[in-house]
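Proteins get letters first, then strands, A, B, ... in listed order; numbering begins at 1 in each.
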Amino acid sequence: MIDLVNESKFNRRDLALGDSPKAKSDWPFKLVVRGISVLFALVIILFVWSIIHQSLPTWKSQGLGFLTNTSWAPGLNQFGAAPLILGTLITAFIALLIAVPIGLGTALVITFLLPARIRTVMTSLVELLAAIPSVVYGLWGLIVLVPLFSNTIEPALQSWTGGIGIFSGATQGLGLLLAGIVLAVMVLPTIVAISRDVIAAVPSELIEGGLSLGATRSQVLTKVVLPAAKTGILGAISLGAGRALGETIAVAMVIGSSPEMPHSLFSVGATLASIIATQFIDASAPQLAALGACALILMVFTASVNAVARSLVRRTATVGA
Amino acid sequence: MTDLLQLPPDPIYDRRRTIQSMASASMGRRKMRNQVFTGLIVSCLVIALIPLFFVILAIIEKGIAAISWGFISKTPVQPTIFDQNNIGGVGNAIVGTLIIVGLAALIAVPVGIIVSIYLAESDNKVANLFRAAIEILTGLPSILLGVFAYSYIVLKTHTYSGWAGSFALAVLMIPVITKASENAIRSVPATLTEAGLSLGARSSTVVRKVVVPAAAPGIITGVLLALARAIGETAPILLVIGASLNYEVNPLNPMPALPTTIYNYAGSAYASQRTAAWGVAFILVVLVLILSLGSRFIAARMRRERH
């Protein structure tokens with residue numbers, strides 16, 4: 001009888017690693033499963049440590065001044081991250097400014113307006129957008145968009161705005177604006193996919209309630225659906241932001257790779273990620289340390305943005321369920 | 001009759017009339033707003049698809065023009081001003097990518113599945129922390145893995161190598177595989193495992209012979225997705241694999257790869273190399289599409305079998 005009681009407590013979770021009746025004869029299996037898992041956990045720790053370790057000389061010599069120092073000149077042994085942090089934030093901001101409204105609109109159309117069959121096609125197309133490798137977007141940006149921007153779009157923007165402030169300077173195609181726009185294309189699928197999921201999780205009672213009160217579709221979408229999905233949409237935006245902050249190759253190819261303080265949208269620049277890609281090989285020892293410090297800042301940025309995003313998305317998922 | 005007329009006015013009736021008249025007055029405005037809004041979000045969808053259309057168009061139009069048998073079999077030649085169109089091919093980069101990604105899969109598939117077995121069977125604090133760490137790892141920029149592989153492999157072995165790239169890609173692939181495989185293992189019906197145990201099988205036997213085979217379609221989907229992502233990744237391998245102009249099959253040596261070839265050719269001064277970059281992009285996108293369509297196909301078949 002006592003055995004039966006114990007059996008009833010037997011749990012699927014205990015299957016591989018817990019005290020199953022034949023646990024003793026299972027030790028090699030348990031050892032392999034636990035051993036490999038511990039090994040991978042160690043690799044993750046080693047990964048974080050390697051970045052910290054590589055950046056240490058920079059923190060020792062400059063301290064937090066590294067974050068505000070405005071000159072990045074390897075030839076003069078000057079390494080300041082301010083232009084890179086600014087470049088990262090500006091390009092990510094441009095990307096979100098474009099991708100968030102377009103992504104939300106797309107998610108609403110896909111969820112509420114399209115018949116089922118077309119919906120699947122559109123969803124696959126948006127996923128295809130995500131499947132294209134970053135370097136191919138970089139190639140497209142460099143060869144197709146650079147001439148278009150330097151000859152047509154940027155001069156047009158300048159003549160509309162009078163070419164002052166953020167629209168001043170030479171129009172060379174390469175630069176922050178183009179990088180931001182290429183990034184917008186790349187983060188769009190993330191924003192569409194996640195916000196579509198959270199919009200679809202809005203209880204249909206709410207939507208039907210709105211419609212039954214005589215609200216039009218646009219009223220229901222803007223006054224019922226979007227507010228109800230607010231938290232999840234914020235999560236989708238943060239996930240997009242995480243991608244935009246960390247995207248490397250495509251940005252490195254179209255931003256002009258010149259770490260100077262930006263003075264307009266048309267300035268060439270660099271981001272924390274792109275500078276690692278363009279300067280890492282052939283770097284001197286202090287430069288490697290400074291690039292390591294850039295990597296560490298990038299890691300902290302993206303890890304915290306992602307952690308926030310995931311908790312936001314998860315919160316809606318549990319509320320919706 | 002007169003009594004009825006002399007009743008005080010019904011406030012609810014009045015309010016309803018007011019609301020009705022307001023509603024009908026605003027009907028036109030609301031309809032128009034609705035149409036404008038619908039037009040606006042539909043144009044969002046159109047705008048979202050425009051870049052996709054142009055990227056695919058460029059890849060097909062410029063890519064196919066670059067591809068020939070020599071392009072996919074020969075090794076690259078550095079063009080000169082006098083012989084600008086002689087660029088050779090990218091055969092060695094195709095082989096390099098297959099070896100680097102294959103080796104990465106050789107590490108990532110077993111490790112990913114084993115870690116997912118651990119995660120699927122444990123729900124304690126340590127496991128949750130581990131799962132959260134793996135999830136955060138997925139969101140980190142892949143270039144950081146290049147920096148990692150550089151400081152632990154390239155610096156220690158004093159040479160760029162294909163295997164350093166494989167290592168970085170493996171760390172990138174493991175979280176993708178682990179997540180898909182954990183979900184697949186968790187959705188294996190408990191009755192299956194219980195039946196196995198009741199037959200007297202060891203729990204390790206049940207996991208190997210019952211749980212993992214039952215979860216196989218989900219695991220394979222994850223593996224293919226991870227491969228699709230790894231094969232197109234440039235950032236992690238750019239810092240560590242080096243380059244070679246010859247066919248290189250020893251992963252301990254520097255190796256060429258397709259994504260880094262695009263990166264290097266895209267900014268070339270020679271039009272012939274820029275065209276070649278489109279050819280490589282075409283090959284790469286076809287490979288990625290085969291892998292992601294394959295994973296989709298298996299996932300769809302799995303769903304059909306479930307129901």
message: At a 4.5 Å cut-off on heavy atoms, which part of A:A215 comes close to chain B: side chain, backbone, both, or neither?
response: backbone
field: Test item: B:R274 and A:L142 side chains (from C-beta on) under 4.5 Å apart, heavy atoms
entry: no
query: Out of curiosity, B:E233 CD to A:T248 OG1, how far, rounded to the nearest 0.5 Å?
result: 8.5 Å
query: Hey, are the side chains of A:I36 and B:Y118 touching, using non-hydrogen atoms and a 4.5 Å cut-off?
result: no
message: What part of B:L145 gets within 4.5 angstrom of chain A, counting heavy atoms only: side chain, backbone, both, or neither?
response: both
- prompt: Does a side-chain heavy-atom distance below 4.5 Å link B:V285 with A:P133?
  reply: yes
task: Supply the atom-to-atom distance B:T138 OG1 to A:N306 CG, rounded to the nearest 0.5 angstrom.
output: 8.5 Å
query: From A:L148 CG over to B:F54 CZ, what is the distance, rounded to the nearest 0.5 angstrom?
result: 9.5 Å
- prompt: Which value, rounded to the nearest 0.5 Å, describes the distance between B:T178 atom OG1 and A:F40 atom CZ?
  reply: 6.0 Å
- line: Okay, A:V305 and chain B: the region with an atom under 4.5 Å from a heavy atom over there is neither
message: Using a 6.0 Å cut-off, check whether atom CG of B:N124 has over 12 heavy atoms from anything other than its own residue.
response: yes
query: Which bit of A:L139 is near chain B, if near means a heavy-atom gap under 4.5 Å: side chain, backbone, both or neither?
result: both
Under 4.5 Å from any heavy atom of chain B - which part of A:P189: neither
message: To check you understand the geometry: which heavy-atom pair defines the closest contact between B:F148 and A:V43, and what is its length?
response: CZ-O, 3.8 Å
field: Side chain / backbone / both / neither for B:E135 at chain A, heavy atoms under 4.5 Å
entry: both
field: Segment of B:S151 engaging chain A (4.5 angstrom heavy-atom cut-off)
entry: side chain
A:L46 versus chain B, the contacting section by heavy-atom distance below 4.5 Å: both
- prompt: So what's closer than 4.5 Å to chain A heavy atoms on B:I56: side chain, backbone, both or neither?
  reply: side chain
- prompt: Which pairs pass salt bridge (charged side-chain N to carboxylate O under 4.0 Å, His left out) with one or both residues in residues 279-297 of chain B, sequence neighbours excluded?
  reply: A:E127-B:R296
- prompt: Which bit of A:Y137 comes within less than 4.5 Å of chain B, counting heavy atoms only: side chain, backbone, both or neither?
  reply: side chain
- prompt: Sub-3.5 Å donor-acceptor pair from the side chain of B:N34 to the main-chain atoms of A:S218, do we have one?
  reply: yes
message: Just so I understand: if I count every heavy-atom pair under 4.5 Å between each of A:L125, A:V185, A:I44 and chain B, which residue has the most?
response: A:L125
- request: For chain B, find which of A:S124, A:G242, A:G138, A:S134 contributes the most heavy-atom pairs closer than 4.5 angstrom.
  value: A:S124
- request: Mind ranking A:L113, A:I249, A:T302 by heavy-atom pairs under 4.5 Å with chain B and telling me who comes out on top?
  value: A:I249
task: Count the heavy-atom pairs under 4.5 Å between each of A:I281, A:L296, A:V32, A:V126 and chain B, then report the option with the highest count.
output: A:I281
- request: Indicate yes or no: at least one non-hydrogen side-chain atom of B:Y152 is less than 4.5 angstrom from one of A:W49.
  value: yes
Value rounded to 0.5 Å, distance of CD1 in B:I41 from CD1 in A:I102: 13.0 Å
message: Does any backbone or side-chain atom of A:R243 lie under 4.5 Å from a heavy atom of chain B? Answer side chain, backbone, both or neither.
response: neither
message: Let's test your reading of the structure: which of A:H53, A:Q219, A:E247 forms the most heavy-atom pairs below 4.5 Å with chain B?
response: A:Q219
statement: Honestly, the part of B:A228 sitting under 4.5 Å from a heavy atom of chain A is neither
- prompt: Side chains of B:I143 and A:F280: does their closest heavy-atom pair fall under 4.5 Å?
  reply: no
- request: Could you look at B:L119 and say if it's the side chain, the backbone, both or neither that has a heavy atom under 4.5 Å from chain A?
  value: neither
- prompt: Given that the side chain runs from C-beta out, which part of A:L288 has a heavy atom under 4.5 Å from chain B: side chain, backbone, both or neither?
  reply: side chain
B:Y265 versus chain A, the contacting section by heavy-atom distance below 4.5 Å: neither
- request: Mind listing the closest non-hydrogen atom pair of B:V288 and A:A131 along with its distance?
  value: CG1-O, 3.4 Å
message: With rounding to the nearest 0.5 angstrom, report the CD1 to CG distance, A:I276 to B:L238.
response: 11.5 Å
Test: A:K30 and B:E121 ion pair at under 4.0 Å: no
message: Let's test your reading of the structure: which of A:V144, A:L128, A:L108 forms the most heavy-atom pairs below 4.5 Å with chain B?
response: A:L128
query: Would you call B:T205 and A:F29 a side-chain contact if the rule is heavy atoms closer than 4.5 Å?
result: no
Donor-acceptor list for residues 42-52 of chain B side chains, cut-off 3.5 Å, not counting sequence neighbours:
{"from": "B:S43", "atom 1": "OG", "to": "B:G39", "atom 2": "O", "distance (Å)": "3.1"}
{"from": "B:S43", "atom 1": "OG", "to": "B:L40", "atom 2": "O", "distance (Å)": "2.6"}

- prompt: Is it true that atom NZ of B:K179 has more than 12 heavy atoms of other residues, nucleotides or ligands lying nearer than 6.0 Å?
  reply: no
